[in-house]
Amino acid sequence: LGDLFSKYTGSPFTGTTGSYFNNKMSIEDWPFDLNVGTNNTYADYNNVFIFKFCKGSILDWVKNPKTWTQANTFNTEGVEDPANAYQQLIAISSWIQNYIEEAEAAYQYGLENPESNQAILYEKFHTIINSPNWNGILALKVDIDLKEFPQQLKGLISGIDLNRFNAHHFGIEVNKVNAEGEITMEKNSSLFGLINYLDTAYQQQLMQGLNVEKPVQPTVGKVYDFKVLQLQVLFENTAIKFFQSKVQLTMNRLFSDTVISTNNPYGSEDINTVVLDGTYQDHDGTPVYVFENTFDNLFYFNSNLLKNVEITKIQFNTLTTNPDATTIESRFTMWGYLNYAVMQTTLEDSKGVSKTTIMDAFFFGNGDGTNTIDITDGLSYNNLFIDMDFNIDTPTVVNYAFDAGQIVFNSNLSTSRKYSLYPNFALQINNLVSGDKANLPSSLGYLSLGIPGINTKGLTGDWYGLEMTLNMGTPGELA
C-alpha cells in the first residue's frame with residue numbers, strides 16, 4: 001500500500017517522504033486509473049473510493065454518511081454551507097446505495113439464470129459489501145486507461161461505447177497486520193476487480209432471452225462495421241479468474257460485390273454479420289487472447305457468377321505491438337471456400353426455341369451449380385483479410401480495407417464440378433488476380449475470349465479473376 005499512497009524522493013540523507021497518490025494500478029496488464037475527484041457531477045460519480053477498517057458491512061455503513069470518518073473533508077471540501085455539504089453527502093450516499101443495489105440485482109439474476117454468468121461476476125462483490133468483517137479498499141466505477149490497454153486487445157477499443165466503459169469496481173484486500181514486536185503482514189495484499197461491459201442493444205437481446213450468438217443491428221450505411229458486444233473480465237487474487245467476450249464484424253461487400261444475405265441461423269439473415277467468441281488462456285504466466293468463429297458462415301451475392309463466400313473460420317488479432325503507437329492496426333483473417341455458379345445464357349433461336357448455353361469456366365462448388373443456395377465447399381482459400389485501423393485519440397474514426405492480395409488457394413481441399421473445365425483439363429490454379437477500371441485484364445496481357453451464346457461483354461470497375469496454368473505436356477506429347 002505504500003506504493004499506492006506515498007513516495008520517497010531525494011538522497012538517503014536529504015530525501016523526504018511526501019504525500020503522493022499513485023493512482024495507476026494494474027492486474028495482468030489491465031490498467032485501472034483511480035481518478036478520484038475528477039469528472040464528477042452532482043449525483044453522478046465515478047472513481048468513488050471506500051476505505052473500510054471497522055466492523056459492520058459496507059451495505060450498512062453507506063446508508064448513514066453522519067457515521068463516515070471526516071465525511072466533509074473527504075467528500076465536500078470547499079463547500080462552506082453546512083446544509084449544502086450535507087445534501088451532497090446524501091447524494092453520494094444515495095448514488096453508492098443505488099450502485100450496490102444494481103449489482104445485487106445482477107447477482108440475483110445470475111443465481112436465477114446461471115447461463116448469464118452474472119452470479120460468477122458479482123459473487124465476490126456481493127460477499128464484500130455484506131460482510132461485517134471484511135476490511136480493505138473498494139473503488140467503484142473506475143476509469144480504464146485506453147493507452148495502456150492490454151496490447152493484444154487494443155483493437156477492441158474502436159468497437160466499444162467508451163461513454164459506458166469502465167471497471168465496475170476495483171479493490172485491495174488488506175491482510176491482517178501483526179504489530180507484536182516487529183510489524184509484519186501475513187502476506188501481500190491482493191487485488192481484485194470487475195469489468196462488465198455489454199453493448200446496450202446486445203444487453204437488451206439477452207434480457208429478452210435471445211440467443212447469445214445473435215448479432216445486433218450494425219451502424220446504418222457502412223460497408224464494414226465492428227462492435228464489441230460483450231467484454232467481461234473478473235479479477236481475483238491479482239489475476240484473471242474469468243474472461244468472456246464477443247465481438248461482431250459486419251461485411252456488406254466482398255470482392256466488390258454487395259452482400260444481400262447470410263445463412264445466420266439466429267433470425268438475422270438480413271444482417272451481414274459474423275459474431276466471434278473471445279477467450280483467455282494463461283500460457284506459463286503470459287496472457288493469450290483468442291477471438292474466432294468456426295461456424296459455417298455463408299455470405300450470398302446477387303451475382304451470376306460468385307454466388308457466396310463461405311467462411312469456415314475467422315480470427316481477429318491486433319497487429320500493433322508497440323505500446324507507444326498511436327495508430328492501432330487490427331486484422332480479421334478468414335478461411336473458407338469461394339463458391340461459383342455455372343455460366344449460362346438462355347436465348348431464342350430464329351424459330352423462337354429457347355436454347356441454354358452452359359460454360360462452367362469457374363468450376364468450384366458442389367452440386368450442378370444451378371441450385372445456388374446449396375453451393376458450398378468450392379475453392380478452398382485462406383489469408384483473406386479485412387484490415388482495420390484507428391488513432392487511439394479518436395477511436396471512433398475507423399478505416400477498413402478489404403485485402404485479397406495475399407489470398408492462398410488449396411486445390412487439394414477444393415471441390416470442382418464433374419463436368420466443368422477444371423477436372424477435364426490439366427489445369428493448375430495459381431492465384432487471384434485483380435484490378436480496377438484503370439487496370440483491366442488487357443493491360444496485364446490477358447486476351448478476351450468470345451464464347452458463342454455466353455454474355456462476355458467485358459469488365460468495368462473493380463474486378464477479380466482466377467489465374468491458372470494449362471499443362472499441355474511435352475512437345476512430343478502434343479505431337
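Hydrogens, waters and symmetry mates are skipped; everything else that's a heavy atom, side chains included, is used. Here the structure is a predicted model, which is why all the values come from computation and not from measurement.
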Original post:
What's the verdict on salt bridge (charged side-chain N to carboxylate O under 4.0 Å, His left out) for Asp199 and Arg164, showing C-alpha distance, side-chain angles and the deciding distance?
Top reply: CA-CA 9 Å; Asp199 175 86; Arg164 300 179 56 253; 5.9 Å; no
Can you name the residues that form a side-chain contact (heavy atoms from CB on, under 4.5 Å) with [X], not counting sequence neighbours?
X      : result
Ser420 : Asp360, Phe363, Ser416, Arg417, Tyr422, Pro423
Ala167 : Phe32, Val142, Ile144, Ile195
Thr396 : none

Subject >> The single option from Val433, Leu427, Leu379 passing side-chain contact (heavy atoms from CB on, under 4.5 Å) against Leu466 >> reply: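 Of Val433, Leu427, Leu379, side-chain contact (heavy atoms from CB on, under 4.5 Å) with Leu466 is met by Leu379 alone.
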**OP:** Report the residue from Met207, Gln205, Gln232 that forms a side-chain contact (heavy atoms from CB on, under 4.5 Å) with Leu198.
**Re:**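 Of all the options given, the one that passes is Gln232.
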Under a 3.5 Å distance rule, please check whether [X] uses its side chain to pair with a backbone N or O of [Y] as donor and acceptor.
X      : Y      : result
Glu310 : Asn339 : no
Thr250 : Thr273 : no
Ser303 : Leu306 : yes
Tyr45  : Ala43  : yes
Lys154 : Glu329 : no
Asp225 : Thr219 : yes
Asp403 : Ala401 : no
Asn237 : Ser190 : no
Lys313 : Trp335 : no
Asn75  : Leu89  : no

Original post:
Parallel under 30°, tilted from 30 to 60°, perpendicular over 60°: which one fits the rings of Tyr464 and Phe255?
Top reply: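 It falls in the perpendicular class, over 60°.
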Going by the rule side chain to side chain donor-acceptor pair (under 3.5 Å), which residues pair with [X] if we only count those two or more places apart in sequence or in a different chain?
X      : result
Tyr280 : Glu28
Asn47  : Asp143
Asn399 : Asp389

Subject >> salt bridge (charged side-chain N to carboxylate O under 4.0 Å, His left out) partners of residues 111-120, not counting sequence neighbours, each pair once >> reply: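 Found none.
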For the student: nearest non-hydrogen atoms of [X] and [Y], plus distance:
X      : Y      : answer
Leu432 : Phe409 : N-CE1, 3.7 Å
Pro31  : Ser26  : CA-CB, 4.4 Å
Asn439 : Trp463 : O-NE1, 2.8 Å
Gly155 : Thr318 : N-OG1, 3.0 Å
Gly336 : Thr312 : CA-OG1, 3.5 Å
Leu153 : Phe243 : CD1-CE1, 4.5 Å

Can we call the ring centroids of [X] and [Y] under 6.0 Å apart?
X      : Y      : answer
Phe192 : Phe125 : no
Phe74  : Phe51  : no
Phe316 : Phe226 : yes

For residues 90-102, please give each side-chain donor-acceptor pair under 3.5 Å, one per line with the distance, not counting sequence neighbours.
residue, atom, partner, partner atom, Å
Ser93, OG, Val62, O, 2.5
Ser93, OG, Gln97, NE2, 3.0
Ser94, OG, Ile90, O, 2.9
Gln97, NE2, Ser93, O, 3.4
Asn98, ND2, Ser94, O, 3.2
Tyr99, OH, Lys141, N, 3.3
Tyr99, OH, His168, O, 2.7

Subject >> Chi angles and distances behind the salt bridge (charged side-chain N to carboxylate O under 4.0 Å, His left out) call for Glu173, Lys124 >> reply: CA-CA 12 Å; Glu173 303 263 20; Lys124 186 174 183 65; 2.6 Å; yes
Subject >> Criterion side-chain hydrogen bond (donor to acceptor under 3.5 Å, both in side chains) on Gln87 and Tyr42, from CA distance to verdict >> reply: CA-CA 10 Å; Gln87 287 302 314; Tyr42 183 79; 4.8 Å; no
Original post:
Which is it for Ile58 and Ile50 under the side-chain contact (heavy atoms from CB on, under 4.5 Å) test, yes or no, and what are the steps along the way?
Top reply: CA-CA 9 Å; Ile58 290 177; Ile50 298 173; 4.3 Å; yes
Original post:
For Asp393, does the CG atom have more than 12 heavy-atom neighbours from other residues, nucleotides or ligands under 6.0 Å away?
Top reply: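 Above 12, so yes.
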Please report the interatomic distance [atom1]([X]) to [atom2]([Y]), rounded to the nearest 0.5 Å.
X      : Y      : atom1 : atom2 : answer
Ser158 : Ile328 : OG    : CD1   : 10.0 Å
Leu384 : Leu338 : CG    : CG    : 7.5 Å
Gln108 : Asn113 : CD    : CG    : 10.0 Å
Ile407 : Asn382 : CD1   : CG    : 8.0 Å
Leu421 : Met468 : CG    : CE    : 9.0 Å
Phe332 : Phe385 : CZ    : CZ    : 13.0 Å

For [X], salt bridge (charged side-chain N to carboxylate O under 4.0 Å, His left out) partners two or more places apart:
X      : value
Lys246 : Glu213, Asp277
Asp161 : none
Lys63  : none
Asp145 : Lys24

Subject >> Step-by-step side-chain contact (heavy atoms from CB on, under 4.5 Å) determination, Leu138 to His169 >> reply: CA-CA 7 Å; Leu138 181 65; His169 63 267; 4.1 Å; yes
**OP:** Could you check if a side-chain atom of Thr327 sits within less than 4.5 angstrom of a side-chain atom of Thr320, using non-hydrogen atoms only?
**Re:** no
Original post:
Looking at side-chain heavy atoms only, is the closest gap between Glu467 and Tyr446 below 4.5 Å?
Top reply: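 Counting from C-beta outward, Glu467 and Tyr446 do come under 4.5 Å.
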